[in-house]
K.L.:
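Next up is a structure, given as structure tokens.
Sequence lines set the chain letters: A, B, ... in the order given, protein chains first and strands last, and positions in each chain run from 1. These numbers come from a predicted model, not from an experiment.
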Amino acid sequence: MTDTLKRTHTCGELGINATGNTVNLTGWVQRRRDHGGLIFVDLRDRSGLVQVVFSPGEYQAAFELAEGVRNEYVLALQGKVEARPEGTRNPNLATGDIEVYATRLQVLNQAKNPPFYITDGVDVDENVRLKYRYLDLRRPEMQQTLIMRHKVTMIMREFLDQRGFLEIETPMLTKSSPEGARDYLVPSRVHPGEFYALPQSPQIFKQLLMVAGMEKYFQIVRCFRDEDLRADRQPEFTQLDLEMSFAEPQDIQSMMEEMMVRIFRETKGIEVALPLQQLTYREAMERYGSDKPDTRFDLELVDISDIVADSDFKVFADVVHKGGQVKGINAKGSADMPRRQIDELTKYAAIYGAKGLAYIVLSAEGVKSPIAKFLSEAKLAEVIQRLQGETGDILFFVADKPQVVADALGHLRGELARRLDLIDSDVYKFVWVTEFPLLEFDEEEKRWVAKHHPFTAPMDEDLPLLATDPANIRAKAYDLVLNGYEIGGGSIRIHRREVQEKMFALLGLPQAESEDKFGYLLEAFEYGTPPHGGIAFGLDRIMMLLSRRDNIRDVIAFPKTQSASDVMSNAPSPVSEKQLKELSVRINILKK
RNA sequence: GGCCCCGUGGUGUAGUGGUUAACAUGCCUGCCUGUCACGCAGGAGAUCGUCGGUUCAAGUCCGAUCGGGGUCGCCA
């Protein structure tokens, strides 16, 4: 047995200037075309495809071996690069001007027939792809995505390194904390009956690194949240997490803008114009009905509460008098929308709590609307004018509590944009959303909860409201939104013990508990903590947008299904009695 | 936990309650010296997710269940 042929070139790099060279290649068989007396094999490696020719005669041994080769066999071969004969060049292939005449062939491994063909644009059940993820990841588009992901993290590391940031690891086995998402718990063997929690984020540790005088920290770090999955949410996901001492919001924001510029320039060749748009939370909610607005299209929300407050249309008037509001969207040029579609949109708005979806059709034959008869001509005209309605438009309205109006119309806005094809998928629109409320009232728990997290600092001018008007305290918080996705969020943190204690008190945390859960942080604040702030980005979401996928699974090498399981390894799975015993854990499955 | 969609050879699909479940592709065998989605001829390959019900008869109708996807709640 001779030694394995050592690779001298990659498949994808061979071009016309390599003509005459003897090369050694390794790779997988993309496809074999057997003409009896002549065999073509497309050899694939990470870099691309090249056509290898086996012909009988001088290199009979290689030819005979090639007769038995099948898709996905792993080959090493030696051959001579030649320009393809006139008329046989393949313009669809990067290496299509040349081919490799094989002189030696080694079959390094055989392959079972794969459950799906290894190629881009496969239309295969995702479950099958996930079960055979190692085959799915052989597909060039999946490899390109992971290559781009690698590039992005390299850019982030280089960018932050150049600015004096240190990459520092923080623990994965941490302490469970009361606020926030459900924790993944890990039982402790050494401390029977006690549990670690996997980090939802390294929040407290990075703040302690600021106390420790590290000044600038970052980490590309896995985070865990035991909540239900979505297209853009996995139970374990990756953040670019960073924190900086002596920073104001604009320091963090402008630096992150520059990082985004570099990422988009170096991965997509897109120049992002700075500075990025900024919206306050209030403005975002008023105009877009969302704190993560997709600003690639208009369809802005328009308030007509004042017009209809004293109208004869009781549904609208009552809502306004009870402190609610009535807002509308002008779907330009959609007056010909069939009734069936309007019904669908009504159903869609109902998902978000809207009890109805009123509409006014401005058709060529005049105004058509089930609500027009309740409005005087003057009011109707005023409403139409407020929404800049013209013949050919259709106006949609929702009347409810502000939160429901925003939610329903905010989502309807997106749905209309998709249906009316208003979204240019080549466009990337960033927007900072700032001045978030520090707190929001949890109706179920009947208490205030932190909108961002309990370590977020209030805006200085709102500090007096801590005691009097918690609802209207704004936070020194900022989210970066891209095309309607929250890709990052951060804040300036509380760095004084007494403010942090006030915050915990506002959240209804008994002092004993805040001492038990966060005492180490509070104590740290007493030893000279610098003002500090930071931000965390969802790397998976950024990659999803950069690679124009509509789910996060496609940019994660080994993602989990919606039921948080891994269909390849079959995790999670039961464990042995012995393991449970060591952990002092007993299983008690409650019936549904 | 709620709502919506999907489940048929390896893969992707078709399939009026009624014959031997159809088509494409892949696979296997044979032939083929310029293909690149090679071609030609032949062949194998299906517990129609599972369980139950309705019916003379169920891939098809009904119910449950399992799995997958989307979404509301949830996600500081």
Side-chain angles (χ1 to χ4, degrees), chain A residues 30-43 49-57 63 67 70-72 84-93 95-96 99 101 112-119 121-132 135 177-183 200-201 203-204 223-235 237 344 347-353 407-408 411 415 436-440 442-445 447-456 475 477 486 489 491 503-504 507 509 536 538 550-551 553 560-563 565 567 592:
Chain A
Q30 178 68 28
R31 205 185 268 282
R32 184 186 67 124
R33 290 177 295 279
D34 186 348
H35 289 245
L38 190 68
I39 299 169
F40 298 101
V41 166
D42 293 336
L43 194 68
L49 283 180
V50 69
Q51 174 165 281
V52 181
V53 186
F54 295 88
S55 52
F63 175 80
E67 286 185 313
R70 295 292 180 272
N71 281 359
E72 300 308 315
R84 291 203 191 183
E86 208 55 51
T88 66
R89 297 199 176 139
N90 185 349
N92 301 318
L93 203 61
T95 61
E99 57 198 356
Y101 285 81
K112 279 170 69 173
N113 188 35
F116 51 88
Y117 185 48
I118 309 300
T119 184
V122 284
D123 181 18
V124 182
D125 189 89
E126 196 178 355
N127 222 18
V128 178
R129 287 175 55 202
L130 289 176
K131 182 170 178 189
Y132 299 95
L135 297 179
S177 76
E179 296 283 310
R182 194 177 293 115
D183 283 323
Q200 295 177 28
S201 85
Q203 184 60 35
I204 293 176
C223 302
F224 305 85
R225 293 176 192 178
D226 187 4
E227 298 292 349
D228 286 346
L229 288 82
R230 287 288 185 280
D232 65 348
R233 262 162 45 189
Q234 284 271 307
F237 59 100
E344 283 170 14
K347 262 186 159 175
Y348 184 79
I351 298 172
Y352 303 95
D407 219 13
H411 282 94
E415 180 65 14
F436 276 81
L438 185 70
L439 303 160
E440 56 190 351
D442 186 320
E443 291 292 346
E444 241 173 61
E445 295 191 44
R447 68 175 185 97
W448 293 100
V449 296
K451 176 119 186 147
H452 190 53
H453 57 53
F455 315 107
T456 301
E486 180 201 327
S491 62
M503 183 70 181
F504 286 147
L507 298 175
L509 211 60
D550 54 12
N551 77 73
R553 295 182 297 279
K560 295 191 170 44
T561 66
Q562 194 162 72
S563 55
S565 47
V567 290
K592 285 170 193 170

K.L.:
Any non-hydrogen side-chain atom of A:E344 less than 4.5 Å from a side-chain atom of A:E415?
P.N.:
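No, side chains not in contact.
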K.L.:
Which whole number of Å gives the distance between the P atom of B:G67 and that of B:C62?
P.N.:
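It works out to 22 Å between them.
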K.L.:
Categorize A:Y352 for me: base, sugar-phosphate, or nothing, with a 4.0 angstrom heavy-atom threshold over every strand shown.
P.N.:
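Sugar-phosphate, no base atom in range.
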K.L.:
Using the P atom on both, measure B:A46 against B:G30 and round to a whole Å.
P.N.:
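It comes out at 23 Å once rounded to the nearest Å.
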K.L.:
Grab the CD-P distance between A:Q234 and B:G69 for me, whole Å please.
P.N.:
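Result: 9 Å.
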K.L.:
For A:P454 and A:N90, find the nucleotide of RNA chain B closest to each by heavy atoms; which residue's nucleotide sits nearer the 5' end?
P.N.:
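Checking each residue's closest nucleotide, the 5'-ward one belongs to A:N90.
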K.L.:
Has A:Q234 got a side-chain atom pairing as donor or acceptor with A:K560's backbone, closer than 3.5 angstrom?
P.N.:
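Between the backbone of A:K560 and the side chain of A:Q234 there is a qualifying donor-acceptor contact (under 3.5 Å).
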K.L.:
Under 4.0 Å from OP1 or OP2 of B:C36: is there any side-chain N or O of A:R89 that close?
P.N.:
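For B:C36, OP1/OP2 do not have a side-chain N/O of A:R89 under 4.0 Å.
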K.L.:
Can you tell which of B:G26, B:C75, B:C36 lies closest to the side chain of A:N113?
P.N.:
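In terms of side-chain proximity for A:N113, the closest of B:G26, B:C75, B:C36 is B:G26.
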K.L.:
Answer yes or no: is there a side-chain heavy-atom contact under 4.5 Å between A:L438 and A:M503?
P.N.:
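Result yes, sub-4.5 Å side-chain heavy-atom pair found.
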K.L.:
Please determine, for B:A41, whether a Watson-Crick or G-U wobble partner exists with both distances under 3.5 Å, and give it or none.
P.N.:
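For B:A41, the partner nucleotide comes out as B:U29, under the 3.5 Å rule.
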K.L.:
Could you tell me whether the side chains of A:Q30 and A:Y117 share a donor-acceptor contact shorter than 3.5 Å?
P.N.:
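A pair is found: one side chain offers a donor N or O, the other an acceptor, under 3.5 Å apart.
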K.L.:
Starting at the 5' end of RNA chain B and moving along, which residue's nearest nucleotide shows up first, A:R31 or A:N71?
P.N.:
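The residue closer to the strand's 5' end, by nearest nucleotide, is A:N71.
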K.L.:
Taking any heavy-atom pair under 4.0 Å as a contact, classify A:T561: base, sugar-phosphate, or nothing.
P.N.:
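Sugar-phosphate contact only.
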K.L.:
Given the C1' atoms of B:A44 and B:G7, what is the spacing between them in whole Å?
P.N.:
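B:A44 and B:G7 have their C1' atoms separated by 25 Å.
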K.L.:
Of the options B:C36, B:C72, B:C28, whose atoms approach the side-chain atoms of A:T88 most closely?
P.N.:
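The nucleotide sitting nearest to the side chain is B:C36.
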K.L.:
Considering every strand and a 4.0 Å limit on heavy-atom distances, what is the contact class for A:R230: base, sugar-phosphate, or nothing?
P.N.:
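Base, at least one base heavy atom under 4.0 Å.
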K.L.:
Less than 3.5 Å between a donor and an acceptor, one on the side chain of A:Y348 and one on the base of B:G70, is that the case here?
P.N.:
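No.
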K.L.:
Indicate, with a heavy-atom threshold strictly under 4.0 Å, whether A:P85 touches base, sugar-phosphate, or nothing.
P.N.:
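A:P85: base contact, heavy atoms under 4.0 Å.
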K.L.:
For B:G43 versus B:G26, give the span between their C1' atoms, rounded off to a whole number of Å.
P.N.:
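After rounding to an integer number of Å, I get 14 Å for this pair.
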K.L.:
Under 3.5 Å for both donor-acceptor distances, Watson-Crick or wobble: does B:A22 have a partner, and if so which one?
P.N.:
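Here B:A22 is engaged in a pair, and the nucleotide opposite it is B:U13.
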K.L.:
Could you work out the separation of B:G53 and B:U13 based on their C1' atoms and round it to a whole Å?
P.N.:
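Here B:G53 and B:U13 have their C1' atoms 29 Å from each other.
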K.L.:
Among the nucleotides B:U71, B:C36, B:G68, which one has an atom lying closest to any side-chain atom of A:A231?
P.N.:
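Between B:U71, B:C36, B:G68, the one nearest the side chain of A:A231 would be B:U71.
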K.L.:
Measure the distance between the ring centre of A:H35 and the centre of the six-membered base ring of B:U35, then answer whether it is under 5.5 Å with planes under 30°.
P.N.:
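Answer is no, no stack.
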K.L.:
May I have the distance from A:D228 (atom CG) to B:U71 (atom P), rounded to whole angstrom?
P.N.:
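Rounded to whole Å, this separation is 12 Å.
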K.L.:
Please work out if A:Y101 contacts a base, only the sugar-phosphate, or nothing of the nucleic acid, heavy-atom cut-off 4.0 Å.
P.N.:
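Base, at least one base heavy atom under 4.0 Å.
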K.L.:
Nearest whole Å is fine: how far is B:U8 P from A:N127 CG?
P.N.:
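Atom CG in A:N127 sits about 11 Å away from atom P in B:U8.
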K.L.:
Hey, does the side-chain of A:R553 have a donor or acceptor N/O within less than 3.5 Å of a partner on the base of B:G69?
P.N.:
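No such pair is found, so the answer is no.
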K.L.:
Quick one: does A:R84 reach the base of B:C36 with a side-chain donor-acceptor pair under 3.5 Å?
P.N.:
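Side chain to base: pair found, below 3.5 Å.
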K.L.:
Should the side chain of A:R233 and the base of B:C75 be counted as holding a donor-acceptor pair, with the cut-off at 3.5 Å?
P.N.:
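Such a pair is found, so the answer is yes.
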K.L.:
Between B:C74 and B:U16, how far apart are the two P atoms, rounded to whole Å?
P.N.:
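To the nearest whole Å, 42 Å.
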K.L.:
Check whether any side-chain heavy atom of A:I39 sits under 4.5 Å from a side-chain heavy atom of A:E67, and report yes or no.
P.N.:
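A side-chain contact exists here, since the closest heavy-atom pair is under 4.5 Å.
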K.L.:
Between B:C38 and A:R33, is there an OP1 or OP2 to side-chain N/O distance shorter than 4.0 Å?
P.N.:
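The answer is yes; a side-chain N or O of A:R33 sits under 4.0 Å from OP1 or OP2.
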K.L.:
For A:R225, is there an ion pair with A:E227 - N to carboxylate O distance below 4.0 angstrom?
P.N.:
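No, this pair does not count.
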K.L.:
In the strands shown, is B:G7 matched to any nucleotide by a Watson-Crick or G-U wobble pair with both distances under 3.5 Å, and which?
P.N.:
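Pairing partner: B:C66.
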K.L.:
Using the P atom as the reference point in each nucleotide, state the distance between B:A21 and B:C48 in Å, no decimals.
P.N.:
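B:A21 and B:C48 have their P atoms separated by 11 Å.
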K.L.:
Check whether more than 12 heavy atoms from other residues, nucleotides or ligands sit under 6.0 Å from atom OH of A:Y101, and answer yes or no.
P.N.:
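It does: A:Y101 OH has more than 12 such atoms within range.
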K.L.:
Tell me the interatomic distance from A:I351, atom CD1, to B:C4, atom P, rounded to whole angstroms.
P.N.:
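After rounding, the reported distance stands at 11 Å.
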K.L.:
Quick one: label A:D125 by what it contacts on the DNA or RNA (base, sugar-phosphate, nothing), any heavy atom closer than 4.0 Å.
P.N.:
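Touches sugar-phosphate only.
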K.L.:
Tell me what A:E440 touches on the nucleic acid: a base, only sugar-phosphate, or nothing, going by heavy atoms under 4.0 Å.
P.N.:
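No contact at all - A:E440 keeps every heavy atom at 4.0 Å or more from the nucleic acid.
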K.L.:
Taking the P atom of each, how far is B:G18 from B:U25, in whole Å?
P.N.:
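Their P atoms lie roughly 28 Å apart.
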K.L.:
Could you check whether the side chain of A:Q562 and the base of B:G67 have a donor-acceptor pair of N or O atoms closer than 3.5 Å, going by distance alone?
P.N.:
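No such pair is found, so the answer is no.
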K.L.:
From CG of A:L38 over to P of B:C36, roughly how many Å is that when rounded to an integer?
P.N.:
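In whole Å, B:C36 P lies 13 Å from A:L38 CG.
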K.L.:
What is the distance, to the nearest angstrom, from the CD atom on A:E126 to the C1' atom on B:G69?
P.N.:
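Distance, rounded to whole Å: 8 Å.
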K.L.:
Between A:T561 and A:L229, is any pair of side-chain heavy atoms under 4.5 Å apart?
P.N.:
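In short, these two side chains do not touch, never coming nearer than 4.5 Å.
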K.L.:
How many whole angstroms separate atom CG of A:D34 from atom P of B:U33?
P.N.:
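So the CG-P distance, A:D34 to B:U33, works out to 10 Å.
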K.L.:
Could you check whether A:F40 gets within reach of a base, just the sugar-phosphate, or nothing at all, counting any heavy atom under 4.0 Å?
P.N.:
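Counting heavy atoms under 4.0 Å across all strands, the contact made by A:F40 includes a base.
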K.L.:
Using side-chain heavy atoms (C-beta onward) and a distance below 4.5 Å, is A:R31 in contact with A:F40?
P.N.:
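With C-beta onward as the side chain, the pair stays apart.
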K.L.:
Given atom CG of A:L229 and atom C1' of B:G68, what is their separation to the nearest angstrom?
P.N.:
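Those two atoms, CG and C1', are 13 Å apart.
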K.L.:
Please give the nucleotide sitting opposite B:U54 as a Watson-Crick or G-U wobble pair, both distances under 3.5 Å, or none.
P.N.:
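By the stated definition (distances under 3.5 Å), nothing pairs with B:U54.
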K.L.:
Which is true for A:S565 with a 4.0 Å heavy-atom rule: it touches a base, it touches only sugar-phosphate, or it touches nothing?
P.N.:
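Answer is sugar-phosphate: A:S565 comes under 4.0 Å of backbone atoms only.
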K.L.:
What's A:S563 touching, base or sugar-phosphate or nothing? Going by heavy atoms closer than 4.0 Å.
P.N.:
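Sugar-phosphate, no base atom in range.
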